[in-house]
Amino acid sequence: MLWFEITARVSPPEVEAVAAAMREVAPGGVTIDEPVDILGPEMGFRVRPNEFVFVRAYVPSGELGAVLTEDLRRDMQQNHPSVELTARALYEQDWAVSWREFFGPVEFGGRLRIVPTWIEEAQDPGRLVIRLDPGQAFGTGHHETTRLCLAALEQHTRPGVSVLDVGTGSGVLAIAAILLGAGHVLGIDVDPVAIRVAEENCKDNAVLDQVTLKTGTLENTATGPYDLVVANISTQANLALLPEFPARLVPGGLLILSGILASDAHRFREAAPALGLAFDEIRVERDWCLMVYRRET
Amino acid sequence: MAKKVRAVLTLQLPAGKATPAPPVGPALGQHGVNIMEFVKDYNARTANQTGNIVPAQLTVFEDRSFTFILKTPPASDMLKKAAGIPKGSGRNRLEKSGKVRVADLRRIAETKMADLNANSIEEAMKIIEGTARSMGIEVE
């Protein structure tokens with residue numbers, strides 16, 4: 001089956017009315033694509049005002065689609081003459097599954113491998129496999145910050161250690177820590193949706209008996225101390241929490257900080273020594289870096 | 001986690017009735033968003049608003065994980081209801097029709113205040129009035 005994708009280029013004050021007109025021909029709904037500026041990590045985005053917005057609707061091709069498209073064209077000419085309409089053909093796909101093409105298995109140099117649940121593969125005894133589908137929580141394995149953390153955990157997780165995972169997201173790091181031999185992980189996140197997703201992922205990977213998950217801030221969820229703390233959050237969040245971390249670490253315990261832009265690394269180098277944190281190593285991938293500190297004894 | 005935004009998109013969908021068919025499929029598929037998870041969650045969260053159009057503002061992060069928030073129904077939908085214009089009137093839309101009262105504008109502005117870029121209720125009412133006018137709905 002073929003669809004027509006109709007795109008209207010609209011000035012902001014007319015978006016509501018044009019979207020309403022397009023919903024008349026496409027009762028399944030419309031999409032509205034506003035131009036945005038993407039801000040830094042954890043800073044979201046800002047809509048650019050006074051720029052054209054793109055409203056899209058989809059109608060089945062064929063006679064009905066042609067009539068509906070023509071209706072819409074006349075409506076726009078008559079009521080919204082400044083709107084520019086374009087149309088293109090789109091082949092039907094199995095959209096419920098076609099997005100999966102973006103996600104294959106990913107490896108991290110060492111033993112860890114993330115495999116989506118829809119991919120069947122033979123077990124490789126040399127590999128630690130995390131079964132994880134992307135969803136409503138950060139940490140699919142397809143981002144530099146997650147990859148850096150997984151590689152660092154692989155190197156630094158000793159058998160039986162206790163781990164605190166700050167900003168657990170999908171729970172991917174908590175699962176990895178258990179597979180790598182950690183005794184117990186506490187995963188915390190301020191987002192309750194992330195905690196729900198993390199719980200499902202821990203269950204799917206049969207590690208839920210060794211992982212505790214809590215919604216809330218560091219202050220009201222984790223006392224510790226832990227052998228290892230990993231925080232894949234943002235520069236700002238890591239800097240804000242930095243003075244809190246040493247008290248949550250055993251003497252000699254490791255602090256893995258990620259989600260930091262490489263250009264912000266100096267801010268941690270400046271702040272850490274006064275807090276009794278000794279620099280251990282830095283890893284860089286593209287714009288991102290991961291820093292490891294050790295609590296002084 | 002270090003969430004950096006990849007894309008932002010608003011979908012105006014019938015509450016409780018999203019499916020992987022267009023517009024959801026092609027719009028989300030191009031960003032690699034887990035479509036079934038979105039559809040299931042959207043329908044669950046809007047089940048109590050069936051009959052309304054409920055916009056979802058979706059944020060896709062760099063690793064293609066996502067989140068979405070629900071917005072108030074579009075002003076156009078509320079205006080049509082207030083003016084008594086039937087839904088899905090198709091070709092009839094070409095004829096200008098319908099009237100709303102100032103009280104309707106105020107009620108709609110109050111409902112939508114949180115989603116509008118307005119500093120006062122009067123400013124919000126002006127925005128709603130502009131939408132009414134561009135839809136061919138008279139204010140009396």
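Chain letters run A, B, ... following the sequence lines, proteins first, then strands; residues in each count from 1. All figures in this text were calculated on a predicted structure; none of them were measured in a lab. The analysis underlying the following values was restricted to heavy atoms, covering all of them including side chains, and did not include hydrogens, waters or symmetry mates.
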More than 12 foreign heavy atoms under 6.0 Å from CG of Asn48(B): is that the case here? yes
Val30(A) and Pro23(B), any side-chain heavy atoms less than 4.5 Å apart: no
With chain A, the option among Val33(B), Leu58(B), Thr10(B) that has the most non-hydrogen atom pairs under 4.5 Å is Thr10(B)
Residue among Gly29(B), Pro26(B), Ala132(B), Ser76(B) with most heavy-atom pairs under 4.5 Å to chain A: Pro26(B)
Heavy-atom pair of closest approach, residues Phe68(B) and Gln136(A): CE2-OE1, 4.0 Å
Chain A interface, residue from Leu28(B), Val24(B), Asp41(B) that has the most non-hydrogen pairs under 4.5 Å: Asp41(B)
Would you check, one step at a time, whether the test side chain to side chain contact (heavy atoms under 4.5 Å, CB included) holds for His142(A) with Ser65(B)? CA-CA 9 Å; His142(A) 291 254; Ser65(B) 59; over 6 Å; no
Are the side chains of His80(A) and Met135(B) in contact, using a 4.5 Å heavy-atom criterion? no
Show the nearest heavy-atom pair for residues Pro14(B) and Gly28(A), with the distance to one decimal. CD-O, 3.4 Å
Which atoms of Arg23(A) are under 4.5 Å from chain B, going by heavy atoms: the side chain, the backbone, both sets, or neither? side chain
Residues Arg133(B) and Glu14(A) bridged, charged N to O under 4.0 Å: no
Any idea which heavy atoms bring Pro74(B) and Glu16(A) closest together, and the distance? CB-OE1, 3.3 Å
Are Arg64(B) and Pro134(A) close enough that some pair of their side-chain heavy atoms sits under 4.5 Å apart? no
Between atom CZ of Arg6(B) and atom CZ of Phe45(A), what is the distance when rounded to the nearest 0.5 Å? 15.5 Å
Distance in Å, Arg56(A) CZ paired with Leu11(B) CG, rounded so as to fall on 0.5 Å steps: 11.5 Å
Heavy-atom side-chain contact between Lys4(B) and Phe138(A) under 4.5 Å: no
Under a 4.5 Å heavy-atom cutoff, which of Gly25(B), Gly130(B), Ala27(B) has the most pairs with chain A? Gly25(B)
Tell me if the CD atom of Glu63(A) is crowded by more than 12 foreign heavy atoms within 6.0 Å. no
More than 12 foreign heavy atoms under 6.0 Å from CZ of Arg46(A): is that the case here? no
Looking at every heavy atom in both Thr31(A) and Leu9(B), which two are closest together, and how far apart are they? CB-CD1, 4.4 Å
Taking every heavy-atom pair that is under 4.5 Å apart, which of Ser98(A), Ala137(A), Ala26(A) has the most such pairs with chain B? Ala137(A)
Applying side chain to side chain contact (heavy atoms under 4.5 Å, CB included), run through Trp99(A) and Asn34(B) and close with a yes or a no. CA-CA 7 Å; Trp99(A) 59 275; Asn34(B) 186 337; 3.2 Å; yes
Could you tell me which non-hydrogen atom of Gln30(B) sits nearest to which non-hydrogen atom of Phe102(A), and how far apart they are? O-CZ, 3.5 Å
For chain A, the option from Gly32(B), Pro22(B), Ala21(B) that forms the most heavy-atom pairs under 4.5 Å: Pro22(B)
Is atom CG of Asn117(B) surrounded by more than 12 heavy atoms (other residues, nucleotides or ligands) closer than 6.0 Å? no
Would you mind checking which part of Leu39(A) comes under 4.5 Å of any heavy atom in chain B, side chain (CB onward), backbone (N, CA, C, O), both or neither? backbone
So, the part of Phe66(B) with a heavy atom under 4.5 Å from chain A: the answer is both
Which heavy atom in Val5(B) sits nearest to a heavy atom in Ile38(A), and how many Å separate them? O-CG2, 3.1 Å
Determine, stepwise, if the pair Val8(B) / Glu34(A) fulfils side chain to side chain contact (heavy atoms under 4.5 Å, CB included). CA-CA 8 Å; Val8(B) 181; Glu34(A) 292 176 291; 5.9 Å; no
